[in-house]
Amino acid sequence: MPNFDTGHIFLTTLAPIKNGGFTNKAGIRVSYRQQVRIILSMLPTALQSPATQQMDYNSPFARNTRNHLCRMFVIDDVVYNGRPKVVPVIGDDPLTTTHVDSLGNAYLMFNADIDAVTEDGEALHQTRTPAQQDAARDSYARKLWETMQGELEEIYSNCVGFDGVDSADKFAAYIAKCQVKTTMPFNDYWLPGEAKLHQLPVGRITKMIKWPLYAAIFGLIALIAKCLLGWLNILPKLEGWLSYIYPGWIFIVGLILTILAVIYAYKLALSNGEKPMSAGKYGDLPSVLKSLYLQQNFADFAVDAQGKTDKQLHTAFGKFLANHKPEQKMSPTQHPGVISINAKGGIVKETGK
Amino acid sequence: MTRELNLDDIQGNVTRAYGKFSFPFARYFFFHIRSPAAGRQFLAEVRKEVTTAARWNDTDNIKPATTMNVALSFLGMVKLRVSTKTLQAFPPEFIEGMRARAFVLGDRDTAKVEKDHDHSWCDHWDKIWRENRLPFTLGTDTDVHIWVSINSQSESAIEWSKPHPNFEKQTQLLRDLCKKVPKCPLTGKPGVELMTTNGQSGKDEYQSANAVFEKHGDVVVPSPNEHFGLADGIGDPVFEGQYPPDVEREKVRGRGKWMSADRGYEGWEPIATGEFILGHPDESQELPPATLPPEFMRNGTFMAYRKLHENVTTFKKVVSEQAKDYAKINKVPQEQAEEILKAKMVGRWSDGVPLSKYPTYDSWIALQTKMGFSAADFKANPMKAAFAQLAYMKTSDAVDFKYGDDMKGTKCPTTSHLRRVNTRDYLDPTNDVDGDNPNATTQLNKRRRIMRRGLPYGANDFKEKTDDTEQGVAMMLLGASLFRQFEFIQQQWIQYGMDFHAGNNTCPLLGDHTNHDRHTIAVEPKSGGCPFTMQLGKEKNFVDVRGGEYFFIPSMTSLRMMAMGTVDPT
């Protein structure tokens, strides 16, 4: 499965956390893992609940208009699922312990669902080459450094290989090094009818496998029949076109073709799965925020317009369009990281106003 | 083959809504246990009086004049010294109790945070509930431990508006029982005390409840209404084993689950027993989680007891004001506009006729007239009309409908009370906004059903009810999981609108609308009508919670084990 899907990059990164600990500014010895967790626990979330709305700070990730959501957490170790199952009696001795995998160090997981763009407000693209995907990732990483350098340094200074990262470009390179392939993207910004899923041509694949398989089976049966009749010494003399049938060859060719068809079908299924799904026309974050902004204002407008005459309605709608500018994506709009336009700092005013 | 239940082991209030079995009066008592021994003796005595779910007949199990049932709060079982191993496997929400779940239930203003809300948020609760489960305590001497209900039939067919004399007799039995059980050896106070802090006065001995009686001219008639004048308690779920097969066949329509047209009765089948009674397979084809020993929970269930106060003045005022706008826009008389708005809020016309089947005012009036409970019928012979209405509410016509053909809610609004508390087939993922889906199933609904028990409360004095007079519904919501069923419905469907494409809007009747107060009524564009958004008012809700608690309704076996002190989890 791809990192790129539906016009978004599903960025997944793992940064190894340093082993051991250090003495912090307060003179208390803490492990690097503990320190990362302390910083993460103090990192403000978005202003999504009455409690968080009373905080002075919004999430640092609300300072950009690229990430739809993101998570940071510490992976201490791989989970031990218990001893692998063995067949009783014939398996290895359950009294003898077996090797248990573990990680050499903890990892800081950072993943984000971001618009695969290099400019704020750029529309989503249906396809992106690997190089273009990398450019979008680097651009996002640089954006993060520009908007939340302090927080990033606090967090990543506990990670291996971060020493010397002191610029946006170096941070982008660091994130690139930490990136792992995504296997589980998700999306829900499609308008009805917009989602074009890549259907596997099951009928065609079945036909492709079916016919050589039939031939192989026919060949095999004929071969067995021939051997049987030969062994019983009642093999009739085949004449005419029948004498040209070589069951063994039919079986072998049929079998080879079947195997090739199965391999092809397998590869087709995989490549079909890797094809990125189409991008929603309004699936970029600025469009999502603008639509939230318009939706809330339009609900108020609709209620206020109840019972108005056609003329009054016409005038009021003209005013609505003039005030809220549906055609202007970047402003006025809802601010990222807030629950509604009625929240404190909920609106990004029109530029220049 | 339907599941055969041991009805003698299940308490009667689980399978029967007594109000619908001609028990129009009820008293709800609450007790505090001081000494475990006294608590056990109290239960042993109450057990002898408990009405079970056994079917009534004319020979060995005659329908009683009054019924009695009993349930315990978590702290009640702690006080009875039920073993820790048994107690620790109770569900977290039950252990915490209803008060601690106020944010989940929307009983506290979810737009406020703890420090701005502190203790004042439940100042309007009845004293008994205000003092129950005080925060940051591990039990105080004001905690509610035992719930006992007595329901009563009428004195006679003639004196039907008076309870049976047995009602008071059984009440006296409970009072005497508190005197009879041993005193607390430590304090010398009663070992089990009947709590007399009910009601807004904080002085009532019990929570009284009774069906609403209505006056038509000089004639008083029984009604299925609550105090807003809306018929209530029609579509309770039906589960396997609840009814004998011949009754089930009729009852299950519209009340069970609908999974496929070729199953059950034209698609309707009873819901799995385990959704409502513990120890039986549920709709996930598993046994519900249970504590040890297994027989402790089997045939028992959970109950949320909630006292819901109705602000009658506010409700009437808002409906009347909004109806003015509606009448003007849609050019209908004020009275008709009020009826339409009430129906569009509830999902049923005020007499219980479902909007899904009779979506227009005219079709409703036509049905009323046909069935004999129109306004004219009530004028001519009120008693006859009242019974015609009650009879209609029991028919499958009142409940047998689905929403797959009304995805936009132009007949019955998607955010009406009815569609929120029981979504039926609305959430079937294969439903199309623009099309009818006759094969829509109740797949995402059948794990979120609740059984409603209880009765309205408030004086039957025919005086004008206001926001300040005491009236409402003493509500009991039963199910195998309070978290998955009651709390989910309350949080996601009553106090939120996302599943109905209505954002933060809440239930127009029960919801907290102090933050979001809109209720949108959609119309079919081809009809030429105009959609209407009601504004329910942010100052006051129509329904306020006045307190309550979560209880466990034990089986007769479990009750006996607790009474004997022989709950053995090993």
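Here is the naming used below: chain letters follow the sequence lines, and residue numbers restart at 1 for every chain.
Considering only residues two or more places apart in sequence or on other chains, A/Arg204 meets the salt bridge (charged side-chain N to carboxylate O under 4.0 Å, His left out) condition with none of them.
Counted within 6.0 Å of CZ on A/Phe73, heavy atoms from surrounding residues, nucleotides or ligands total more than 12; the atom is thus considered enclosed. The 12-atom threshold is not exceeded at OH of A/Tyr282, counting heavy atoms of other residues, nucleotides or ligands nearer than 6.0 Å. Within 6.0 Å of the CE atom in B/Met407, the count of heavy atoms belonging to other residues, nucleotides or ligands exceeds 12. Annotation for A/Lys319: atom NZ does not count as buried by contact number, only 12 or fewer foreign heavy atoms lying within 6.0 Å. Other residues, nucleotides and ligands contribute at most 12 non-hydrogen atoms within 6.0 Å of the CE atom of B/Met498.
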Show me the donor-acceptor pairs under 3.5 Å between chain A and chain B.
unit_1   : atom_1 : unit_2   : atom_2 : d
A/Gln54  : OE1    : B/Lys115 : NZ     : 2.9
A/Gln54  : NE2    : B/Asp116 : OD2    : 2.8
A/Asp300 : OD1    : B/Arg518 : NH1    : 3.2
A/Asp300 : OD1    : B/Arg518 : NH2    : 2.6
A/Gln306 : OE1    : B/Thr533 : N      : 2.3
A/Gln306 : NE2    : B/Thr533 : O      : 3.2

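In this structure, chain B has heavy atoms under 4.5 Å from both the backbone and the side chain of A/Ala299.
For the pair B/Ala111 and A/Pro50, the tightest heavy-atom approach, listed with the atom from each and the gap, is O-CB, 3.3 Å.
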